[in-house]
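No experiment lies behind these values; they were computed from the predicted model shown.
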Protein chains: 4
Amino acid sequence: MEFAKNNKAIYLQIADGIFENILSKKWMPEDRIPSVRDFAVNIEVNPNTVMRAYTYLQEKEIIYNQRGIGFFVSDGAYEKSINIRKTQFVENELPNVFKNIDLLGIDITEIERLYNLSRKR
Amino acid sequence: MEFAKNNKAIYLQIADGIFENILSKKWMPEDRIPSVRDFAVNIEVNPNTVMRAYTYLQEKEIIYNQRGIGFFVSDGAYEKSINIRKTQFVENELPNVFKNIDLLGIDITEIERLYNLSRKR
Amino acid sequence: MEFAKNNKAIYLQIADGIFENILSKKWMPEDRIPSVRDFAVNIEVNPNTVMRAYTYLQEKEIIYNQRGIGFFVSDGAYEKSINIRKTQFVENELPNVFKNIDLLGIDITEIERLYNLSRKR
Amino acid sequence: MEFAKNNKAIYLQIADGIFENILSKKWMPEDRIPSVRDFAVNIEVNPNTVMRAYTYLQEKEIIYNQRGIGFFVSDGAYEKSINIRKTQFVENELPNVFKNIDLLGIDITEIERLYNLSRKR
DNA sequence: GTGGTCTAGACCACC
DNA sequence: GTGGTCTAGACCACA
């Protein structure tokens with residue numbers, strides 16, 4: 001049992017935060033995002049950790065780099081973010097939900113009923 | 001953005017751990033569970049926090065206390081745990097899942113398909 | 001002007017070396033490759049640098065990891081290595097070759113002639 | 001595997017740099033080039049090494065020496081540089097390119113297509 | 001000033 | 001034992 005801890009790697013949490021900013025349209029394509037050092041100071045984390053998050057997002061083509069200038073939000077960042085989140089949801093979260101459904105003996109049709117109910121509100 | 005933090009109250013996290021032990025049948029009815037002091041040392045937490053978790057579970061009739069002896073798993077603990085977890089699941093987790101489904105533009109019938117797929121494995 | 005220096009990042013040089021081992025069939029699919037620490041000691045480099053190379057290759061699905069055991073050559077490693085090398089060649093090396101061809105005033109048909117000549121040998 | 005190393009002799013790397021300066025018309029015929037000593041300090045290399053590069057280029061009639069004054073770019077330096085580079089390119093670089101083409105299973109006509117494509121840009 | 005790489009050393013979870 | 005993450009601090013190239 002572990003307490004008061006978030007096991008997810010910090011660099012992935014940073015990446016998640018950036019995903020949020022993009023999905024909420026707070027950061028738009030072509031916007032310059034904070035420099036590695038500034039961000040690191042801001043969130044009180046080692047610059048290498050921020051760098052790792054940025055590199056991770058760069059590989060996913062969410063952001064791109066202009067040498068000596070900084071990182072910028074890519075053009076299709078919003079769409080790509082949605083796709084990545086969807087994959088994460090289906091591959092990581094849904095299986096847990098399904099496991100709970102089985103464990104707790106809930107019928108899938110009951111889930112559907114609750115979903116339709118929630119939509120009406 | 002916040003890091004290395006789990007906002008859920010520690011005593012509820014402890015209670016969750018105990019639910020797990022009961023649902024996994026690791027702790028059976030009439031089993032004596034660890035003393036408040038032992039448990040607190042074990043998980044490196046203040047005894048008061050453990051006591052709060054025990055009190056919480058006692059109120060839910062998951063465990064009961066014999067003065068001067070200790071806490072024991074109640075007879076209907078398994079069934080009650082399932083019900084409590086089911087309520088938690090439907091009230092707290094499902095709405096988030098539904099929110100994501102809508103946000104990511106996934107169809108509920110797709111979820112059902114994925115569920116049936118996962119059961120076949 | 002720079003001397004006695006190889007600007008390519010060490011972790012990429014390590015990755016290149018691994019590509020070589022795979023292309024030369026010295027490392028076959030399912031082979032366990034050296035542990036991060038062992039390799040680091042062997043080539044006198046910081047373990048983090050080796051880790052970075054391994055992570056890079058893992059993202060490219062050239063190798064995969066089994067927790068607590070080690071890294072292994074992936075099934076399609078050979079084919080993927082060829083494809084990656086081909087991309088590198090076409091995107092990075094060929095443009096330089098073309099630049100030289102233009103700069104030195106060589107005709108592309110002359111290149112073709114030299115190629116056919118070299119094949120006959 | 002070897003790291004952080006460039007096997008080409010330093011004096012040849014210096015010569016290459018001078019070729020570059022001539023081909024890019026940065027250094028024109030009759031220009032005085034830096035003194036051996038100045039150049040050596042500038043690129044942090046032993047003066048003897050610079051001298052060797054100058055001697056090499058003098059033999060190729062790319063530069064000439066006026067005793068007590070310094071080294072100067074020869075009249076036909078540009079044309080001679082092109083010829084030397086062309087020979088180097090055809091004898092040293094092209095074979096490697098051809099080897100890669102074969103290894104990676106690329107068709108020579110594909111190369112020609114890519115070349116024409118690159119010229120259009 | 002920007003990012004990019006590397007080292008050294010630490011601590012963790014999993015097996 | 002394995003990899004995985006993080007920190008601290010350094011040096012570099014590019015602009």
Side-chain angles (χ1 to χ4, degrees), chain A residues 1-18 30-59 62-74, chain B residues 1-6 43-44, chain C residues 1-18 30-59 61-74, chain D residues 1-6 17 43-44:
Chain A
M1 241 182 287
E2 285 170 0
F3 303 109
K5 207 171 169 184
N6 189 341
N7 281 319
K8 201 169 189 180
I10 295 178
Y11 83 94
L12 289 176
Q13 296 180 46
I14 297 173
D16 275 349
I18 295 172
E30 306 311 334
D31 280 1
R32 183 174 173 281
I33 71 177
S35 83
V36 173
R37 294 195 210 336
D38 285 357
F39 207 5
V41 168
N42 208 329
I43 62 180
E44 293 175 335
V45 143
N46 188 290
N48 284 331
T49 307
V50 173
M51 188 62 201
R52 198 166 175 189
Y54 280 15
T55 303
Y56 172 78
L57 291 167
Q58 195 176 20
E59 276 160 10
I62 301 298
I63 60 178
Y64 67 92
N65 172 252
Q66 286 196 22
R67 286 207 69 144
I69 302 181
F71 282 90
F72 297 78
V73 177
S74 300
Chain B
M1 242 180 283
E2 286 174 355
F3 303 110
K5 210 172 165 181
N6 187 340
I43 62 179
E44 292 173 344
Chain C
M1 241 181 285
E2 286 171 358
F3 304 108
K5 208 174 169 181
N6 188 340
N7 281 318
K8 199 168 190 180
I10 296 179
Y11 83 94
L12 289 177
Q13 296 180 44
I14 296 173
D16 275 349
I18 294 171
E30 306 310 335
D31 279 0
R32 184 174 174 278
I33 71 177
S35 83
V36 172
R37 294 194 209 336
D38 284 356
F39 206 6
V41 168
N42 208 330
I43 63 180
E44 293 176 336
V45 144
N46 189 291
N48 284 331
T49 308
V50 173
M51 187 63 201
R52 198 166 175 190
Y54 280 15
T55 302
Y56 172 78
L57 291 167
Q58 195 177 20
E59 276 158 11
E61 294 180 319
I62 301 297
I63 60 178
Y64 67 91
N65 172 252
Q66 287 195 23
R67 286 207 70 143
I69 303 181
F71 281 91
F72 296 78
V73 177
S74 299
Chain D
M1 244 180 284
E2 287 175 353
F3 303 110
K5 209 170 166 183
N6 187 338
I43 62 178
E44 293 173 343

#### Entry: Which residues share a side-chain hydrogen bond (donor to acceptor under 3.5 Å, both in side chains) with C:Glu61, sequence neighbours left out
none
#### Entry: Heavy-atom pair of closest approach, residues C:Asp16 and C:Lys8
OD2-NZ, 2.7 Å
### Over all atoms of both residues, closest heavy-atom pair of C:Glu30 and C:Phe72
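Reported closest heavy-atom pair: O-CD2, 3.5 Å.
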Between the base of [N] and the side chain of [X], is there any donor-acceptor pair under 3.5 Å?
| X | N | result |
| --- | --- | --- |
| A:Arg37 | E:dG3 | yes |
| C:Asn65 | F:dG4 | no |
| C:Asn48 | E:dG9 | yes |
| C:Arg67 | F:dG4 | no |

### Options F:dG3, E:dT7, F:dT7, nucleotide nearest the side-chain atoms of C:Val45
E:dT7
### Task
Can you figure out which of E:dT7, E:dT5, E:dC6 approaches the side chain of C:Asn46 most closely?
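When the side chain of C:Asn46 is considered, E:dT7 is the closest of E:dT7, E:dT5, E:dC6.
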### Message
Does A:Tyr11 reach a base, just sugar-phosphate, or nothing at all? Heavy atoms under 4.0 Å.
### Response
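The residue A:Tyr11 makes sugar-phosphate contact but no base contact.
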#### Entry: Full working for side chain to side chain contact (heavy atoms under 4.5 Å, CB included) between A:Tyr56 and C:Glu59
CA-CA 11 Å; A:Tyr56 172 78; C:Glu59 276 158 11; 5.7 Å; no
Rounded distance in Å - [atom1] ([X]) to [atom2] ([N]):
| X | N | atom1 | atom2 | result |
| --- | --- | --- | --- | --- |
| C:Ile10 | F:dA10 | CD1 | C1' | 14 Å |
| A:Glu44 | F:dC6 | CD | P | 16 Å |
| C:Tyr64 | F:dG4 | OH | P | 14 Å |
| A:Ile63 | E:dT2 | CD1 | P | 15 Å |
| C:Arg52 | F:dG3 | CZ | P | 18 Å |
| C:Ile69 | E:dA13 | CD1 | P | 19 Å |
| C:Glu59 | F:dG3 | CD | C1' | 15 Å |
| C:Met51 | F:dT5 | CE | C1' | 9 Å |

### Message
Tell me whether the rings of A:Tyr54 and A:Phe39 are parallel (<30°), tilted (30 to 60°) or perpendicular (>60°).
### Response
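Judged by the thresholds at 30° and 60°, the geometry between A:Tyr54 and A:Phe39 is tilted.
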### Pair listing, side-chain hydrogen bond (donor to acceptor under 3.5 Å, both in side chains) test, anchored in residues 65-74 of chain C, at least two apart
none
### Task
Could you say whether A:Thr49 or C:Gln58 is positioned toward the 5' end of DNA chain F, judged by the nucleotide with the nearest heavy atom to each?
C:Gln58
### Task
Could you walk me through whether A:Thr49 and A:Asn46 pass the side chain to side chain contact (heavy atoms under 4.5 Å, CB included) test, one step at a time?
CA-CA 5 Å; A:Thr49 307; A:Asn46 188 290; 3.8 Å; yes
### Dot-bracket encoding of pairs in DNA chain E, which uses [ ] for pseudoknotted crossings and | for another strand, Watson-Crick or G-U under 3.5 angstrom
||||||||||||||.
